[in-house]
J.: 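Let me begin by handing over the structure; questions about it come next.
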Protein chains: 2
Amino acid sequence: MGLVATERLDRQRVIDAALNLLDAEGLDALSTRRLGAVLDASANAMYWHVGNMDNLVGFAADTVFAELELTSGAESWRDRLAATARELRGLFTRHRWLTAAFSANPRIHGPGIVRFQDHLLQVCHQAGFTGFDLDWAGATVFSYVIGDAWGQTPPPGSEPADTAAELVEQVKTDLADYPLLLDRYAALAGADPDDVNDASFEFGLRTLLDGLQAHLDHHITGPR
Amino acid sequence: MGLVATERLDRQRVIDAALNLLDAEGLDALSTRRLGAVLDASANAMYWHVGNMDNLVGFAADTVFAELELTSGAESWRDRLAATARELRGLFTRHRWLTAAFSANPRIHGPGIVRFQDHLLQVCHQAGFTGFDLDWAGATVFSYVIGDAWGQTPPPGSEPADTAAELVEQVKTDLADYPLLLDRYAALAGADPDDVNDASFEFGLRTLLDGLQAHLDHHITGPR
DNA sequence: ACCTGAACACCGTTCAAGT
DNA sequence: ACCTGAACACCGTTCAAGT
C-alpha cells in the first residue's frame, strides 16, 4: 500500500502525506489508518510526530497558508487588498477541505497563518485604517472571502453537484410561493457555475472596497 | 437513558431530539446511538424517519432557519437588510454547529432555507437590484455573515477558548517579525471578546451597506 | 528516539427478522 | 408501517512492548 519509499518519518513527511489525501479526497478521507498505509507505517506512527489528528489538520492548514503569494508592491491599497482577497479565495478553492477544517477546529494557528494576517493588516494600514478599525477592516475582508468559499462547489469525495437545472426541478414545488426566487434560480440555471461564482465574488469584493473607501473618505472630511 | 416519554417516533420528534443534542453539545455529539438513547429507541430507529445522518442534520438546519423572524415592514432597504443580516448572524450564534454542518454538506436545502433566501432577495430587490446583481447582492451579504460566524467563539463541546491574553503569550515568538500584528493582538487582549465580535460585525455590515449604496448610486447616475 | 500491535470505546449504515 | 439486534467496516487514541 505504501506509495512512498520507506524512510524515516518526520513531521513534514506526515504533513505532506496528509495534504495529498486532503486535496485529493477531502477531510473525511484523512484517517490515521489511511495515512499509515500511504506512509508505509502503522496507523499510530503519526502520533509521535504531530500529537493528534486535530494538530495534523492544523499543520496542514498552516502549510497551505504559507504557499500564498503576498505581493509587497507599491500599487494602490485598493489593488493590493483586491489581490490579497483573490489570493485567499484561490487558497480555499485549491484546498476545499480548509473551510471544514476551520469550522471543526477554529483554533488553528501557525506561522503561515500569522504571516497572512500580518500582510492583510499591512495592506489595510496602508489604506489608512488604524486602531480597531484596522482589525475590523481586515476581519471584514477575511469574513467575506471565507463566506464566499463556503458557498463554492462541494469538496472532493462528495458526489458531483446537481446541475442548476436539476436543482430547479427539485425545488420547484418548494418555490411555488416565491416567484422572485424561482425566477432567479431559473436564470442561474442557464449560466456556467464557475462564471457565476467568479462574478459573484467580484461583485462582493468591489462592494466591500467601495464601502471601505467610503469609510476612509468620511474620516478625512470629519465624522458624520 | 430515555429522556422522553416512550411514544411513537415521527420525523419531527427525531429532528427535535437531534436539535437538542446539537445545540447543547455540537455536531460531534450527534450520533445515531446517542440519539437512540435520548429517544428510548435503538440507534437505527432514525433511519426509517430521516434516511440517514446527513439528511437529519439537513432537516435540523432547515428547522432552525424557519425560526428566523423576517420583518416585512416598510422601513428603508438599508434598515431591513441590516436587520436581516443581524437575524442570520443570531441564528449562527445560537446554533454554532450550523457552519460546520454546512461546510460538511453544502447541499442542505429545505423550505425554511428557501423562505430566508426569498426574504433576502426581496429586500435587495426593494433596494433596487435586479438581474444577476440581485443574486450577487444577496450572496455578498450571506457570505459576509457566514464568514463572520465562522470566526466566532468555538462551538460547545470544545474546551473553553483561551483568553486573548493567553493567546498573545502563546504566539509572541511567532509574532516577533510582525510588530503591527503583535500590537493589534495586545490591543484585542484587553477588550471583551463579545464586544469585539459585535463591533467587528457592525463595522463590516456598515461597510457592505455603504458599498451597496455606492453601487446603486452609480447606476442611477449612469455607468461609470 | 521512534515505531508497532493489540486493545478500547466509539462511529454510520445495512439488513434480516420481528410486531 | 415501524422498529430491533446483530453484524460489518470503519474511526481516534492509548499504551505496553519492541528496536
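Predicted model only: the values in this text are computed from it and were never measured. Each chain gets a letter, A, B and so on, in the order its sequence line appears, and its residues count up from 1. The basis for the numbers below is simple: all heavy atoms, side chains too, and nothing from hydrogens, waters or symmetry mates.
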J.: Looking at residues at least two apart in the chain, or sitting in another chain, which of them share a side-chain contact (heavy atoms from CB on, under 4.5 Å) with Asp192(A)?
T.: Asp194(A), Asp195(A)
J.: Under 4.0 angstrom, heavy atoms only, what part of the nucleic acid is Leu30(B) near: base, sugar-phosphate, or nothing?
T.: sugar-phosphate
J.: Suppose we screen for side-chain contact (heavy atoms from CB on, under 4.5 Å). Which residues come up paired with Thr84(A), at least two apart in sequence or across chains?
T.: Phe116(A), His119(A), Leu120(A), Val123(A)
J.: What is the 5' to 3' range of DNA chain D, first to last nucleotide, that sits under 4.0 Å from any heavy atom of chain A?
T.: dC11(D) to dC15(D)
J.: Using the test side-chain contact (heavy atoms from CB on, under 4.5 Å), find all partners of Tyr178(A) that sit at least two apart in sequence or belong to another chain.
T.: Leu181(A), Val114(B), Arg115(B), Asp118(B)
J.: Does DNA chain C take part in any stems of at least 3 consecutive Watson-Crick or G-U pairs (both distances under 3.5 Å), and if so, which ones?
T.: C:4-8 with D:12-16, C:12-16 with D:4-8
J.: Taking only residues at least two apart or on different chains, which pairs with a member in residues 26-38 of chain A satisfy side chain to side chain donor-acceptor pair (under 3.5 Å)?
T.: Glu25(A)-Arg34(A)
J.: Only counting residues at least two apart or in another chain, list the ones meeting side chain to side chain donor-acceptor pair (under 3.5 Å) with Arg86(A).
T.: Glu202(A)
J.: Using heavy atoms and a sub-4.0 Å distance, could you list which residues of residues 57-64 of chain B are near DNA chain D? By number, please.
T.: none
J.: Nearest-nucleotide wise, let me know which of Ala41(A) and Thr32(B) is further upstream toward the 5' end of DNA chain C.
T.: Ala41(A)
J.: Assess, by modelled atom type and distance only, whether the side chains of Ser103(B) and Thr99(A) contain a donor and an acceptor separated by less than 3.5 Å.
T.: no
J.: Could you list the donor-acceptor pairs under 3.5 angstrom formed between side-chain atoms of residues 54-65 of chain A and any protein atom two or more places apart in sequence or on another chain?
T.:
residue	atom	partner	partner atom	Å
Asn55(A)	ND2	Val50(A)	O	3.2
Asp62(A)	OD1	Gly112(A)	N	3.0
Asp62(A)	OD1	Ile113(A)	N	2.8
Asp62(A)	OD2	Gly112(A)	N	3.0
Thr63(A)	OG1	Phe59(A)	O	2.7

J.: Need one value for Asn52(B): base, sugar-phosphate or nothing, where a base atom within 4.0 Å counts as base even if backbone is also close, heavy atoms only.
T.: sugar-phosphate
J.: Which donor-acceptor pairs under 3.5 Å do side chains of residues 136-148 of chain B form with protein atoms, sequence neighbours excluded?
T.:
residue	atom	partner	partner atom	Å
Thr140(B)	OG1	Trp136(B)	O	2.7
Ser143(B)	OG	Ala139(B)	O	3.0
Tyr144(B)	OH	Ser200(B)	O	3.4
Tyr144(B)	OH	Phe201(B)	O	3.0
Asp148(B)	OD2	Arg89(B)	NE	3.0

J.: Select from Ser31(A) and Asn44(A) the residue whose nearest nucleotide in DNA chain D is closer to the 5' end of that strand.
T.: Ser31(A)
J.: Got a sec, which pairs hit salt bridge (Lys or Arg N to Asp or Glu O under 4.0 Å) with one end in residues 133-146 of chain B, sequence neighbours left out?
T.: Arg184(A)-Asp135(B)
J.: Does anything in residues 26-56 of chain B form a ring pair (Phe, Tyr, Trp, His ring centres under 6.0 Å)? List the pairs, not counting sequence neighbours.
T.: none
